[in-house]
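We use all heavy atoms of the structure for the numbers below, so side chains are in, but hydrogens, waters and symmetry mates are not.
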Amino acid sequence: MSLLHISISSVLIPILLFLVFRKNHKDKSVWVIFLYCCYSLVNDCVLYLLKGKFPSLFLLCMFTICELIFAMLFFHFVFQHPIAKKVALGIAGAFLIYSSYYFYVEREFGYYGSIPATVESIIIICVSIYYLFEQINSPQSFFIYLTPQFWVVIGLLIFFAGSFFLFIYASDFSKSELARYWNINYTFNILKNLFFSIGFLMKNNKKGYPSLDRKYFS
């Protein structure tokens, strides 16, 4: 089995775990990631069957846009500050307009190495870091690893940080080089799905976690 097949199959793990433990996940943010996983699975399977034929390039462009929107919806629900919640939605709307205009004007319907994909990576990395910073200043920061949202953010951060330079330089690769180096993307995609799986194993019950406000360490 190739790394591509493993990468595509790996998304089944978080999907199945979510369905098994769905009663533990009533939070909207977790449902957003579940829908994102389902969309990723369908998109990857269709692209695999098309094998580069029409409309593969269009689907790749749409995936870049939809992936960012899913991520920003997730952060909209997990952010604590009201302004940060609005900014997340604003980023999603701005990226939708920008990327749609870019693909239309530039006629660049290739995902690999495209500017929108690079911009998407920068946005998600920065927003993920802000989320972690926000949690550090939260009274429940000592128990952040018990929440599914933490593991989802770690998965997103590792994937986009690991694939960032690949997105930038992919346009300079030949087809054979791209096929070889794209295994890096597959590897980090597998890691992302594994972290999502860990998150779906967690019970989303923040009220049940001890906090510094309750003088847990006194």
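- In this structure, Ser56 and Leu47 approach most closely via the heavy-atom pair O-CD2, 3.6 Å.
- Leu68 and Ile97 are members of different hydrophobic clusters when ILVMFWY side chains are connected at heavy-atom separations under 4.5 Å.
- Here the side chains of Val78 and Thr147 are not in contact, with every heavy-atom distance at 4.5 Å or above.
- When the options Asn189, Ile190, Leu191 are evaluated for a side-chain contact (heavy atoms from CB on, under 4.5 Å) with Asn193, the one that passes is Asn189.
- A donor-acceptor contact shorter than 3.5 Å is absent between the side chain of His25 and the backbone of Phe18.
- Note on Phe63: it does not cluster hydrophobically with Phe54, by side-chain heavy-atom contacts below 4.5 Å among ILVMFWY residues.
- Below 30°, between 30° and 60°, or above 60°: for Tyr102 and Tyr98 the angle between ring planes is between 30° and 60°, a tilted geometry.
- Note that CD1 of Ile13 and CG of Leu201 are 10.5 Å apart. Values are rounded to the nearest 0.5 Å.
- Put simply, CD1 on Ile154 and CD1 on Ile198 are 10.5 Å apart, with the number rounded to the nearest 0.5 Å.
- Here the OH atom belonging to Tyr39 is positioned 8.5 Å from the CD atom belonging to Glu67, to the nearest 0.5 angstrom.
- The closest side-chain heavy-atom distance from Leu194 to Ser10 is not below 4.5 Å.
- Closest approach of Phe95 and Ile65 over heavy atoms only: CE2-CA, 3.9 Å.
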May I have the step-by-step check of side chain to side chain contact (heavy atoms under 4.5 Å, CB included) for Asn43 and Met62, ending in yes or no? CA-CA 10 Å; Asn43 188 75; Met62 288 301 300; over 6 Å; no

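- Phe133 and Ile125 fall into different hydrophobic clusters, where Ile, Leu, Val, Met, Phe, Trp and Tyr are joined by side-chain heavy atoms under 4.5 Å apart, directly or via other members.
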Go through Val152 and Phe195 one step at a time and tell me if the side chain to side chain contact (heavy atoms under 4.5 Å, CB included) criterion holds. CA-CA 6 Å; Val152 168; Phe195 280 110; over 6 Å; no

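- From Cys37, atom SG reaches atom CZ of Phe70 across 9.5 Å, with rounding to the nearest 0.5 Å.
- For Ile83, the CD1 atom is loosely surrounded, since the number of other residues' heavy atoms within 6.0 Å does not exceed 12.
- Residues Thr64 and Leu60 form no side-chain contact, since every pair of their non-hydrogen atoms from C-beta on lies 4.5 Å or further apart.
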Take Leu156 and Phe196 through the side chain to side chain contact (heavy atoms under 4.5 Å, CB included) test and state the conclusion after the steps. CA-CA 9 Å; Leu156 291 173; Phe196 283 2; 3.9 Å; yes

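- Residues satisfying the ring pair (Phe, Tyr, Trp, His ring centres under 6.0 Å) criterion with Phe79, sequence neighbours excluded, are Phe75, Tyr130.
- No close placement of the Tyr145 and Phe150 rings is indicated, their centers lying 6.0 Å or farther apart.
- Closest approach of Ile8 and Cys45 over heavy atoms only: CG2-SG, 4.2 Å.
- Put simply, the side chain of Ser7 never gets that close to the backbone of Leu3: no donor and acceptor are under 3.5 Å apart.
- The shortest side-chain heavy-atom distance between Phe200 and Ile33 falls under the 4.5 Å cut-off.
- For the pair Lys51 and Tyr48, the cation sits on the ring face: its NZ or CZ lies under 6.0 Å from the ring centre, inside 45° of the axis.
- A donor-acceptor pair is defined here as one N or O able to donate and one able to accept, closer than 3.5 Å; no such pair exists between the side chain of Gln80 and the backbone of Glu134.
- Tracing side-chain contacts under 4.5 Å through hydrophobic residues (I, L, V, M, F, W, Y), one never reaches Leu16 starting from Trp151; they form parts of separate clusters.
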Steps toward side chain to side chain contact (heavy atoms under 4.5 Å, CB included) verdict (Gln149, Met202): CA-CA 9 Å; Gln149 290 80 6; Met202 300 294 173; over 6 Å; no

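- Side-chain contact between Ile184 and Phe165: absent, with no pair of heavy atoms (C-beta onward) separated by less than 4.5 Å.
- Of the possible donor and acceptor atoms, none in the side chain of Asp44 sits under 3.5 Å from a partner among the backbone N and O of Leu41.
- Atom CD1 of Ile91 sits about 10.0 Å away from atom CD1 of Ile124, to the nearest 0.5 Å.
- Phe167 and Trp182 have tilted rings, their planes meeting at an angle from 30° to 60° on a 0 to 90° scale.
- The two atoms that bring Ser163 and Asn185 nearest to each other are OG-ND2, 3.6 Å, heavy atoms only.
- Within the model, atoms CG of Leu17 and CZ of Phe34 stand 11.0 Å from one another, a figure rounded to the nearest 0.5 Å.
- Between Ala88 and Met72 the shortest heavy-atom distance is O-CB, 3.4 Å.
- Of all heavy-atom pairs spanning Ser128 and Val153, the tightest one is CB-CG1, 3.8 Å.
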